[in-house]
Every structure is written in C-alpha cells, then in structure tokens.
Amino acid sequence: MTEFRLFNTLSRAVEPFAPADGDIVSIYSCGPTVYNPAHLGNFRTFLFVDLLRRTLQLRGWRVNQVMNLTDVDDKIITRAVEQGKRIREVTEPVSEIFFADRDYLRIQPAETYPKATDYIPQMIALVERLVASGTAYQAEDGSVYFAIGRFAGYGRLSRLDTREVRSGARVAQDDYTKENAQDFALWKAAKPEDEQVEAAWDSPWGRGRPGWHLECSAMAIDLLGETLDIHAGGIDLIFPHHEDEIAQSEAATGKQFARCWCHGAFLLLDGTKMAKRLGNVKTVKDLREQRIPAAAVRHLIFSTHYRKELNLSEEALEGSIEAVRRVGQFKERLDDALGGTAELGEAADAAVAATSEALFDDLNAPEALAALFTFVRRGNAELDREGAEPEALDRAREAFARIDSVLDLVPDVEEEDPRLVAWVEERLAARRAARESRDFAQSDAIRDELKEQGIILEDKAGATQWRRAR
RNA sequence: GGCGCCGUAGCCAAGUGGUAAGGCUCGGGACUGCAAAUCCCGCAUCGUCGGUUCGAUUCCGACCGGCGCCUCCA
C-alpha cells in the first residue's frame, strides 16, 4: 500500500500520516459561523476537507469527523439585535441553508455537527481547568483571559515567535484590562445586548458567553478526545484561532492537541480574497441560479492543489462544466457497453494506480484529475472498438467507481420542463420521419430550429439523444 | 514594519536537475447524409536578470509583478 502523506502546518513539511489508533482517523474541521450563508470561499475549504476524508476512506481508514457550527459570536449578536431576534432565530435558518448547500456540493456529511451553544458546560469546565492551572485569569472587566505568557509553546504553529507586532495603534483601547495585549478571551462578560438576544449563560465568573477559540477546543476534546489526528481549516485560521486552540487545549490537558494541522488556501475572485466584508462573494445560490452543475464546482476546486490560491473566473468555470460533461458521458458509455477490450482493462488499472498515488501524496487532486482524463480518453477509444470482454469492462466500471468515490464528478441529469420535453419529442418525431424519407433539408431545418432553443442533438445508433447547450 | 505564498501555452493547472501531465478553447483529420458525440494529429522552453552545475523551468541571489496573514475571517 502506498504511503499516505500530508502537509503538516506544524512542521511546514509533507509528512507520512497514519491515524494514532491505526484504524479510525479523527478529524476536527472548523465549520461556519451561521449568521450569513457561507460563500464559495468557505466552501472551497469544506470541499478540501471533503477531499481529505474521502481520500482517507479510499486508503482504507474510517473517518470520525466533527465540524462545529459557531452559533454564538459578535456578528450573530449584532445581527440579532438589528433584527430584534434571539440568536437562535438568526442561526437556525442559516444552518439549514448551510446543510442544503453542503448537500448540493456533494460534501460528505461529517459524523457530528455540534453547536457551540450546546457545549457551554464543557467550555466552562475547560476554563476552570485553565484558571486552576494558573494559565487563565479574570480581568477587571469580568472576562476571563488566557495568559499567553504562561504557555511556553505559544506561537509554534504560526511561527509567531519570529514575528513582531506592527508598530502603531493596533491594540484596541479596551484591552487595558489584559495582562498582555495578545491574551485572548476565553469567557466574555455579558453585556446588556447579549442578555437581550439570549446569548448569555451563568458561569463561575458571572453571566457571560464563550470566546470563539474556546468552543473548538471544548467540543473537539469532548467528542474526539484530547489528541486529534487531524485538525483542518482555512489558512487564515492559523493565527490566531488555531494558535489559541493549541494554547488553551494543551495548557489544560498537557497533551498534544492535534497531530497534524491541515490548512487550505484561499479562493480569490477577480484576484482578491473572497470575503463578505469586501463584497466580492459568490454563493451556492448564485451557482444554482446560473445552472452550474455541482460536479463542475467540484472539478474547478479540485483542479488546483488545496494549498495554492485559486482564482475563480467565468472561463475556468466554463472549462470545468465541459470537462465534467465528458466525465458523465464516459460513465454513461461504460454503463451501456456490452463488453470491453484488454486495453480497456489496462487503462482502468493504470488509472486506479495513478489516481491513488496522486491523492495519497498530499491530496494531489490536479494530478488525479489528469489520470482520470487519461482514462476517459483511452477508455473512449477502446469503447469505440466495441470489444467483447466482459471482465475488462467490469474492471473499467469498478475503476471508475473507485476514482469517482473521491472526486464525485458525474453531473446530475437536469430536470427539464415537461412542456419543453413534449415539444422536443414532437420535433424529434417529425425529424425522424423526414430522415426516413431522406428529406435531409427538412431534417436539418428541424435541428436548427431546436438549436435556436438551445437544444443539441446527438444521433446515436438506436435513437436521437438531446441535451441543453449552455 | 514582521511573517508567508504565488508568477508554466488564449484560459485553468500538475510536475521534474537532463530539454514540460491533464482539462477548456482553437486549427487540421477520421467517423456521420450533414451534424453532435467520440477518436487521431497539431498548438508553451516554464516572469526578468545574474550565479551554481556537464546540464535549471526545477537549486541560490537580486529584481519586477500579483496575493495573503499579522484585527473578525474558510
């Protein structure tokens, strides 16, 4: 079996990876803050984690993945105050959209989606451990902070020990109660608006709410144990989020928090980071309105290595739509074929070997795609020869299924308006009649008529198939 | 200011110290009544300038260009 290798942000190197217990890989991946529907930048990261978990499964391991839903934070509270709602009334509908978008993109569900607000007791317990060990303190403002100066390893993940804080007024004015400007809040003292939107809980330090970093540590430890195999997220989370998670978790448990840290690069739109505050976001809803197949989105995301920035462009997306159309057609031909050739079997074996090797080498999906398309081209050529070996055909079908179990690139058949279908069928019947009487002028006129309505015909051996042009 | 990433054909994008995978587009051909689909053929010397080397796109340095983190952030 090929060695499985992953880039570990801790070492900044590609390293051999295997789960600690030998069978199940525990993964914690940072999920969405549910105040607004996630955009494609967020989903690039979620698709990267999807690629990771599917590849781990291809390798033969089982996966136990936890993805949190952050359902209490500043932005949610602000939104709730604006709309005169309780935070639940903001977060629940947005969570539903998240799950629907996830399903549309065929992202395999994680095993657990804990909500931060369901883990308040675990978070309080974690803070108590930190206060008891002397790494956390309650400040004058009532909030509890983590003292980074009392945790030796602080900065290891982000290499913060080698950086310095930019000169100038970066430190907020209200930070005067902290020991160190970079100490981060574990537990935030409640403000009146927090109470108003039901975002405050009782604690040993008074009414308050959890800090953002705290929720991930508490839920990860509760659901997956004190040491995770993999902790994944977007590259922007390295600092401070993941750095702080490491600090509070390891200060509390005395154990390594995550064995491997994996971070995905950004999705750019028009050359700049896609971000809500910049206004240059695209959402899954936008894609669906443009009739972009989910498979094409997957293809586009996987066509760039996960650690490299990806610039979303209309042209690239069109290319992916076409690429994925070919994949779907190849799958169809495999399904319909009656036999194969020896060379088809060979192409299938080569494809499985090449895609596995690529994926097991730090999730090199672009290279896996190259191998897939080599299989598609060679496979189509062999299918053109109409071989009669059922065993070779079976091998090809299995190979395709195995590769596609990770990439999942076969586009869905679109549902069409029944009225359109009826009209097309009527025109096709007329065209068939014309062709049977060898009236090709009439036949071509009908085809042009259909083409004007965006319908493309393919005369196959048995019947004429049609599809929508883009 | 500190830390870091990227720059490969019209577009997207792998990769290697020994003369560049794959996809889209484009051109030519086969197949087809004609198309479509499919297949075949063709299409780059790897940002610039130096250096190391028998040999660099791949290593080192400088420069130019683009981007990110350092503050909420996938």
Side-chain angles (χ1 to χ4, degrees), chain A residues 12 29-33 38-49 70 73-75 78 155 158-168 170-172 182 212 232-241 243 263-268 271-278 299-300 302-305 307-327 329-330 332-333 354 358 364-385 435 438-441 443-444 447-448 451 456-460 464-467 469:
Chain A
R12 309 281 157 117
S29 55
C30 289
T33 298
H39 60 253
L40 293 179
N42 300 306
F43 277 108
R44 183 194 183 185
T45 298
F46 302 146
L47 277 163
F48 140 58
V49 177
T70 297
D73 97 316
D74 292 353
K75 279 175 289 204
T78 302
S158 58
R159 308 266 159 122
L160 186 126
D161 46 324
T162 62
R163 73 172 78 188
E164 63 185 45
V165 176
R166 174 169 44 182
S167 57
R170 193 183 65 79
V171 180
Q182 289 189 24
W212 175 41
I235 194 168
D236 53 337
L237 297 185
I238 292 175
F239 186 86
H241 188 51
E243 194 69 72
H263 295 96
F266 284 128
L267 178 68
L268 309 182
T272 45
K273 173 182 172 181
M274 185 180 288
K276 288 169 192 164
R277 70 180 154 110
L278 298 175
H299 175 92
L300 180 70
F302 295 156
S303 70
T304 300
H305 187 87
R307 285 192 284 113
K308 193 179 165 190
E309 283 174 353
L310 192 169
N311 190 214
L312 180 67
S313 71
E314 212 52 48
E315 246 181 319
L317 201 46
E318 292 299 325
S320 289
I321 290 168
E322 192 58 27
V324 122
R325 204 213 87 246
R326 285 190 71 205
V327 173
Q329 171 154 299
F330 180 55
E332 220 171 282
R333 289 191 72 186
N364 193 337
E367 194 149 312
L369 283 173
L372 202 216
F373 279 95
T374 298
F375 180 32
V376 170
R377 179 168 40 74
R378 291 183 61 190
N380 272 137
E382 292 306 317
L383 289 172
D384 282 349
R385 293 169 56 197
R435 293 181 78 205
R438 304 196 67 77
D439 182 355
F440 294 122
S443 167
D444 291 349
R447 186 171 58 207
D448 289 343
K451 191 175 182 181
I456 292 179
L457 305 187
E458 292 181 26
D459 290 329
K460 294 288 175 67
T464 297
Q465 293 186 354
W466 62 277
R467 64 187 164 86

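Everything quoted here is computed from the prediction, not taken from an experiment. Lettering follows sequence order; numbering is per chain, from 1. Atoms considered below: every heavy atom in the structure, side chains included; atoms not considered: hydrogens, waters and symmetry mates.
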Show me the protein contacts with nucleotides 32-35 of chain B, counting only N or O atoms at under 3.5 Å.
unit_1, atom_1, unit_2, atom_2, d
G33(B), O6, R435(A), NE, 3.0
G33(B), N1, D444(A), OD1, 3.1
G33(B), N2, D444(A), OD1, 3.2
G33(B), N2, D444(A), OD2, 2.5
C34(B), O2, D444(A), OD1, 3.4
C34(B), O2, R447(A), NH1, 3.2
C34(B), O2, R447(A), NH2, 2.3
C34(B), N3, R447(A), NH1, 3.0
C34(B), N4, D459(A), OD2, 3.2
A35(B), N1, D459(A), N, 2.9
A35(B), N1, D459(A), OD2, 3.4
A35(B), N3, R447(A), NH1, 3.2

Would you please confirm or rule out a distance under 4.0 Å between OP1 or OP2 of [N] and any side-chain N or O of [X]?
X	N	result
N42(A)	C73(B)	no
R325(A)	U38(B)	yes
S303(A)	A13(B)	no

Has the side chain of K273(A) got a donor or acceptor that lies under 3.5 Å from a partner of the other kind on the base of C67(B)?
-> no
Have a look at [X] and say if it touches a base, only the backbone sugar-phosphate, or nothing, with a 4.0 Å heavy-atom cut-off.
X	result
L267(A)	base
G233(A)	sugar-phosphate
H305(A)	sugar-phosphate
D73(A)	nothing
A381(A)	sugar-phosphate

Of the nucleotides G68(B), C39(B), C6(B), which one has an atom closest to the side chain of K308(A)?
->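 Looking only at heavy atoms from C-beta outward on K308(A), the closest nucleotide is C6(B).
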Please write out the pairs of protein N or O atoms and N or O atoms of nucleotides 23-27 of chain B separated by less than 3.5 Å, giving the distance to one decimal.
unit_1, atom_1, unit_2, atom_2, d
C24(B), OP1, R326(A), NH1, 3.4

Counting only Watson-Crick or G-U wobble pairs whose two distances fall under 3.5 Å, which nucleotide matches A62(B)?
->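 The answer is U48(B), by the H-bond criterion.
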Any residue meeting side chain to side chain contact (heavy atoms under 4.5 Å, CB included) with K460(A), in chain and number order, not counting sequence neighbours | E458(A), Q465(A)
